[in-house]
Amino acid sequence: MWRKAVAAAVLALTVGYFYHTDPELPERLLQYLSQSPPSPEGAPSNPTIEETIFSAWEALISAPARQWSRVAVGVNACVDVVVSGVGLLQALAVDPGVGRDHEVLHSKEDLREAFTHYMGKGAAAERFFSDKEVFQRIARAAAEYPGAQLYVGGNAALMGQKLATYPQLMVCLDPPKDFAVLLCGPVGPKLHEMLDDQIVVPPESLQETDEYHLILEYKAGEQWGQTRAPQANRFIFSHDMANGEMSTLETFVASLEEFQPDLVVLSGLHMMEGQGRELWEERLKEAVAAISDVRNEVPIHLELASMTDKDYMNSIMQEQVIPIVNSIGLNEQELLFLSQAGDGPHSELTSWDGVPDVGRVSDILLWVLEKHGRTDPESEADLTRIHFHTLAYHILATVDGYWGNQASAVAAGARVAGSQACGLQRIDVTKVALRAPMEFHSSYSEPRESLHINPAEPVTVYHRGNVTFYLTPVLVCRQPLRTVGLGDAISAEGILYSEILLQ
């Protein structure tokens, strides 16, 4: 008994001593004792849903059996000047106000209204600025704005740059070929300096001056006047005649015979929209003729971008641009506008309300493939693949029998979205969040299938007729550093992991 009393006295003296030297010790001891005991070393902890999805992607994604070795990319290229949109407009002494869309920008006031309109929606957009002198003054202010950054720009150059970083995945075919990416577009000295060493630029594509595009970025929750951005995004504008006229298209097609690519990636059609109907009507016919010269056995991927002229979009469909390519990549705004221009499913919607409904998206994707693609074996169309990407999820829709490795392709595209937006080489699961709907339907109307996302098997596969849909969620960067070129990176990654099946 006396031993317990002595031990209690010693403990009391010890605590008293430490309390005298550190009065906060008892409180810290209580906090420590109240915490859950640490897991035994090596014992697994419960992973977050983001960790589960990322680990499942890593296990799922694999290179296709038959890979690309020479990719030709054209035809829009430029230097992107990336600045804070609100900051630049304030520096230009432009006051906030009511937003309003403009198909073509003619003044700083048009720029303010269009930027405000899309910032309020948290949506990306791209517009042509008609006044060369005013644009050049704005461009100088942007280049001198603190924190302005210069990057490789233009869909073709961005996709070429992304493809060039994966030579280890692009193995040589039989007969052997050296890996290379051909980029054709208006390449000035600054852009040429920034391009990857693996990129080959035909001498005919080089020009004395660069084409500049201004990228006005805004963050999620950023406020300007009464406008608050619901999510991070960007507004792009330029006065770019070389890309606007697709001036290097013929050079691009002529270069293919010598380069002998096994994949062609085409973009830049949207740049002609701001040049006026007379120019784009004629130029579009010439573009179709040039594209038709590409060898039949070489697949063509077309990357779409923001457009506002329904007649122009209809011309792209009716002049047989979409039917003569094998694959297209687009986002939610481009998909809805395509349906609006062609009176397709859900064309009565003026815009998406929040995360685009999966059933509605699936309806439009199926309509595009049925109307302009090769769902009917007797069709003369070549389109068999659509890569759709939006902030929260991605879908790859393919006509059965034409493409392989599409589960890997859609997962790879989503994986690069989560890493690149955060400015990282690899996803950090503590910096991303799942925003995709966990339950959804295969169509907006009956008959429709109830579906869900399984984090352990994060690619949901469903079928409608002879079209297979592959859906995967995106791990969205909580604090994105750069959104420009994200769609191009997603499409490039998706086509990189895709395999076209021999017919």
Item to check | Student check: side-chain heavy atoms of Q420 and K162 closer than 4.5 Å | outcome: yes
Checklist entry - Does the side chain of M307 reach to within under 4.5 Å of the side chain of Y312, using non-hydrogen atoms? => result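 M307 reaches Y312 side chain to side chain.
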Checklist entry - Are there more than 12 heavy atoms of other residues, nucleotides or ligands under 6.0 Å from atom CD of Q226? => result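 Open.
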Checklist entry - Would you say E109 has more than 12 foreign heavy atoms packed within less than 6.0 Å of its CD? => result yes
Would you confirm whether [X], through its side chain, and [Y], through its main-chain N or O, come within 3.5 Å as a donor-acceptor pair?
| X | Y | result |
| --- | --- | --- |
| Y470 | A411 | no |
| Q406 | W403 | no |
| E245 | S247 | no |
| R374 | A381 | yes |
| S267 | A156 | yes |
| N243 | A77 | yes |
| Q161 | M194 | yes |

Item to check | Six-ring centre of F235, R127 cation under 6.0 angstrom, axis tolerance 45° | outcome: no
Next on the checklist: Nearest 0.5 angstrom please: L92 CG to Y145 OH, how far?
Outcome noted: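 These two atoms lie 10.0 Å from each other.
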Checklist entry - Could you give the distance from CD1 (I395) to NE2 (H389), rounded to the nearest 0.5 Å? => result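 Separation between the atoms: 12.0 Å.
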Checklist entry - Can S491 and E303 be said to form a side chain to side chain donor-acceptor pair (under 3.5 Å), step by step? => result CA-CA 8 Å; S491 287; E303 191 68 14; 2.9 Å; yes
So that I can tick it off, tell me whether [Y] and [X] are bridged by a salt bridge, with the cut-off set at under 4.0 angstrom between side-chain N and carboxylate O.
| X | Y | answer |
| --- | --- | --- |
| R415 | E58 | yes |
| D311 | R277 | yes |
| E250 | R283 | yes |

